[in-house]
Amino acid sequence: MFGTNNERLKKQQEVPITAIISNPPYSVGQKNANDNNQNIHYPKLEEQIEKTYVAESTSNLSKSSYDSYIKAFRWASDRIGKQGVIGFVTNGSYLDSNSTDGLRASLYKEFNHLYIYNLRGNQRTQGEESRKEGGKIFGSGSRAPIAISILIKDNSNKHELLYWDIGDYLSRKEKLSIIKKNGSIGKMDWGVLKPDQYNDWINLRDPNYQNYPCIAGEKDSPFLSNAVGISTNRDIWVSGFSKKAVLANTQKLINNYNVELKKNGGKGKKSDMRDPSKIKWTRGLDNKFKKEEKLSFNSQNIRLEMYRPFVKKWLMYDKAVVEMPGQYYEKWGNSNCAIYTTGRSINRPFSAFITNIYPDIQLEMNGQGFIRYNNQVSTELIPNKDNVNELFAQKYKIKKEDIFPFIYALLNSPDYQKYYANDLKKDLARIPNVIPKEEYIKIGKKLINLHLNYEKVPVYDKVTIAKTGNDYKVTKMRIDKKFKDRSVIIFNNDITISDIPKKAYQYIVNGKSAIEWIIDQYRIKADKKSGIVDDPNEYSDDPKYIFNLLLRIINVSVQTVDLINQLPPLAIEK
């Protein structure tokens with residue numbers, strides 16, 4: 001049949017196609033190296049993407065340009081030639097992602113009429129942002145935003161971008177009802193958009209924003225350098241609440257790897273053994289295996305990390321088992337701290353946090369850290385190497401030692417976060433010359449002291465605590481949904497905390513309130529693949545540590561909201 005089939009395919013390829021309708025798959029690549037299930041490569045198609053979508057992009061993040069659905073856009077665009085229609089239901093991230101600016105630029109150039117129907121539903125967001133995104137179009141099987149794209153080539157010189165946003169807070173049922181009611185693109189009153197200089201279609205940036213110095217890396221930046229957070233790619237093995245368990249799990253992984261290396265290594269190939277209960281494979285570990293590198297275990301490499309806001313865990317900070325250790329390995333030292341912000345191309349609102357222990361990459365989404373000092377060891381003979389820029393201090397007429405609190409206060413300013421929200425989701429923060437600086441510095445110092453020393457802050461004493469026993473261990477805390485104001489938290493079967501003030505939930509960091517981070521993280525989690533259990537009750541010898549931490553974070557949250565509300569309205573010196 002092969003000969004007959006090839007002849008049929010050849011004829012099919014010669015037939016002009018003018019309409020392609022599809023719901024192509026969405027996948028950048030395999031989620032887990034243990035799956036050993038990478039996307040198929042199409043060299044000619046990827047070369048065409050390189051010449052168009054990647055070439056048109058100003059972003060360095062080109063990996064997402066090879067997502068399956070983006071490959072489908074490229075193939076379909078080429079297949080219909082000079083005239084035709086594409087109708088796709090796809091991941092809607094491309095509408096606003098920094099890394100798909102080249103895709104947007106190419107689609108606008110190549111097509112004459114673009115009808116973009118944004119169905120929202122991005123459940124990779126948090127809190128209020130997630131609620132606004134509304135229901136998931138494909139139910140529980142999808143967390144990505146969804147868009148319908150009708151793209152038309154008519155070989156004319158006209159290029160128009162027509163857009164419809166389905167709206168906020170809609171359920172899946174309501175969205176499907178609206179789509180059915182619309183019936184046709186011809187019955188809808190489309191809004192007309194014009195791509196801007198960044199090839200953005202929606203959520204446009206402030207045109208003056210790029211005139212301000214970037215927070216790091218430029219001649220007049222406040223910080224000389226920045227560092228992405230620590231990414232282990234195997235958290236459950238090398239990070240956890242129990243120091244003893246992290247040491248044991250890491251040693252187990254290393255022992256299993258060395259046994260496998262001795263048994264099947266030396267062939268320049270990665271191991272076929274993909275048992276997730278023995279090893280969490282990653283590209284880095286695969287490469288070590290191919291090079292026949294034996295791993296060694298060193299218990300002295302364990303450190304405390306800030307895993308999520310106000311959540312400390314133990315980390316085996318060893319290059320052998322941490323996929324991307326980042327610059328902190330060389331730069332951190334014993335008396336350092338960093339302002340840590342959400343990174344580039346995020347789908348959560350921008351926020352900033354400060355830490356004096358090693359930061360996980362998702363402490364803030366895809367986070368970036370701005371370290372105070374740039375060297376690992378400081379002594380009388382080797383002083384701390386400053387990461388704060390004297391040129392910025394001179395330009396903004398500020399003392400060098402005040403830059404850290406000034407920046408921290410500004411990044412926490414509600415006006416700053418609101419006014420530059422679109423810019424802050426797409427790139428690193430930029431620092432306008434706001435006034436009066438004295439107020440920012442004063443409040444910044446208070447915020448730094450509050451957030452660095454949160455474990456010493458008094459417990460919030462205006463709540464009501466109902467106890468039926470004296471057990472302070474947690475399994476899974478939860479907000480009592482009977483109270484819409486979220487004023488009641490069920491700590492465990494013995495303890496309920498009531499009268500939590502609304503104000504406490506207003507302190508949002510990394511997409512949700514600090515209180516909700518404590519509830520979310522301080523619970524017993526069992527990893528199905530590895531069999532490892534992470535138990536927060538094993539973090540501290542103090543049986544009331546988690547209980548008091550929750551009450552302290554309520555206090556920290558109330559005080560933080562009061563402080564940031566004292567910041568001056570955003571005023572920029574010309």
Side-chain angles (χ1 to χ4, degrees), residues 22-35 37-39 61 63-73 88-100 103 116-149 165-179 202-203 231 233 235-236 307-309 342-351 360-367 425-426 476 478-479 508-513 516-517 519-521 523 525 527-529:
S22 180
N23 176 354
Y26 325 153
S27 173
V28 176
Q30 65 182 8
K31 294 177 182 175
N32 191 321
N34 283 54
D35 297 339
N37 184 30
Q38 293 184 344
N39 283 351
L61 306 170
K63 181 185 176 186
S64 60
S65 298
Y66 299 93
D67 191 304
S68 299
Y69 83 93
I70 293 178
K71 287 180 182 177
F73 268 124
F88 275 5
V89 179
T90 69
N91 186 329
S93 299
Y94 87 89
L95 301 180
D96 193 31
S97 169
N98 209 34
S99 59
T100 52
L103 169 64
I116 309 297
Y117 197 170
N118 187 355
L119 305 181
R120 309 277 286 280
N122 185 0
Q123 291 307 309
R124 292 190 175 94
T125 52
Q126 302 270 351
E128 192 63 24
E129 194 82 6
S130 174
R131 288 185 280 275
K132 282 179 73 174
E133 284 290 306
K136 296 174 280 191
I137 288 293
F138 294 113
S140 59
S142 168
R143 295 181 64 210
I146 302 298
I148 299 172
S149 305
D165 187 318
I166 201 159
D168 296 338
Y169 302 107
L170 296 172
S171 68
R172 175 178 184 265
K173 186 177 179 181
E174 288 169 327
K175 289 180 181 181
L176 293 175
S177 176
I178 291 169
I179 295 167
I202 57 175
N203 301 325
S231 179
N233 283 23
D235 284 3
I236 197 66
Y307 188 70
R308 296 293 182 268
T342 41
R344 296 179 172 93
S345 294
I346 56 170
N347 54 29
R348 294 177 187 172
F350 172 87
S351 65
D360 183 85
I361 189 169
Q362 298 303 337
L363 167 58
E364 296 272 8
M365 185 180 180
N366 304 337
K425 280 189 175 184
K426 293 171 181 174
K476 185 178 180 180
R478 60 187 175 88
I479 295 171
I508 305 294
V509 57
N510 195 20
K512 58 187 168 190
S513 71
E516 287 170 296
W517 278 118
I519 294 170
D520 177 74
Q521 291 294 309
R523 59 188 172 99
K525 295 179 184 177
D527 183 63
K528 290 180 182 177
K529 290 185 176 180

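These numbers come from a predicted model, not from an experiment. For the single chain, residues carry numbers from 1 onward in sequence order.
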**NZ/Lys525: more than 12 non-hydrogen atoms of other groups inside 6.0 Å** = yes
**Message:** Please give me the minimum heavy-atom distance between Gln362 and Met365, naming the atom from each residue.
**Reply:** OE1-CA, 3.2 Å
**Message:** Checking Asn510 against Arg348 for the side chain to side chain donor-acceptor pair (under 3.5 Å) test, could you report, in this order, the C-alpha distance in whole Å, the side-chain angles of both residues, the deciding distance, and whether it holds?
**Reply:** CA-CA 7 Å; Asn510 195 20; Arg348 294 177 187 172; 3.0 Å; yes
**Message:** Please give me the minimum heavy-atom distance between Ser231 and Ile361, naming the atom from each residue.
**Reply:** CB-CG2, 4.0 Å
**Fill in**
So CD1 of Ile70 and OG1 of Thr100: to nearest 0.5 Å the spacing works out to 6.0 Å
**Request:** Hey, could you give me the OG/CZ distance between Ser130 and Arg143, rounded to the nearest 0.5 Å?
**Result:** 8.5 Å
**Asked** What is the minimum heavy-atom distance between Arg131 and Tyr169, and which atoms define it?
**Response** O-CD2, 3.4 Å
**Fill in**
Interatomic distance, CG@Leu170 vs CD@Glu133, rounded to 0.5 Å, equals 11.0 Å
**Prompt:** Can you tell if the side chain of Arg120 reaches within under 4.5 Å of the side chain of Asp168, non-hydrogen atoms only?
**Reply:** yes
**Prompt:** Would you call Thr90 and Phe73 a side-chain contact if the rule is heavy atoms closer than 4.5 Å?
**Reply:** yes
**Item:** Rounded distance [0.5 Å steps], CD1 in Ile146 versus OG in Ser93
**Value:** 8.5 Å
**Asked** Do the charged groups of Arg308 and Asp520 touch, with an N to O distance under 4.0 Å?
**Response** no
**Check: Lys175 side chain, Leu119 main-chain N or O, donor-acceptor pair, under 3.5 Å** = yes
**Prompt:** Would you find a donor on one side and an acceptor on the other, under 3.5 Å apart, between the side chain of Arg172 and the backbone of Ile137?
**Reply:** yes
**Side-chain donor or acceptor of Asn118 paired with backbone N/O of Asp165 under 3.5 Å** = no
**Request:** Report the distance from atom CG of Asn347 to atom CG of Asp96, rounding to the nearest 0.5 Å.
**Result:** 9.5 Å
**Asked** Does Ile479 reach the side chain of Glu516, with side-chain heavy atoms less than 4.5 Å apart?
**Response** yes
**Prompt:** How close do Val89 and Pro24 get, heavy atom to heavy atom, and via which atoms?
**Reply:** O-CD, 3.6 Å
**Message:** Asp235 vs Tyr307, test: side chain to side chain donor-acceptor pair (under 3.5 Å). Steps then yes/no.
**Reply:** CA-CA 10 Å; Asp235 284 3; Tyr307 188 70; 2.8 Å; yes
**Asked** Does the side chain of Glu364 come within less than 4.5 Å of Val509's, by heavy atoms?
**Response** yes
**Request:** Determine the minimum heavy-atom distance between Pro25 and Asp67, stating which atoms define it.
**Result:** O-OD1, 4.3 Å
**Request:** To the nearest 0.5 Å, tell me how far Leu95 CG sits from Asn203 CG.
**Result:** 9.5 Å
**Message:** Are the side chains of Lys425 and Asn98 in contact, using a 4.5 Å heavy-atom criterion?
**Reply:** no
**Item:** Exercise: identify the closest heavy-atom pair between Tyr94 and Ser149
**Value:** OH-OG, 2.7 Å
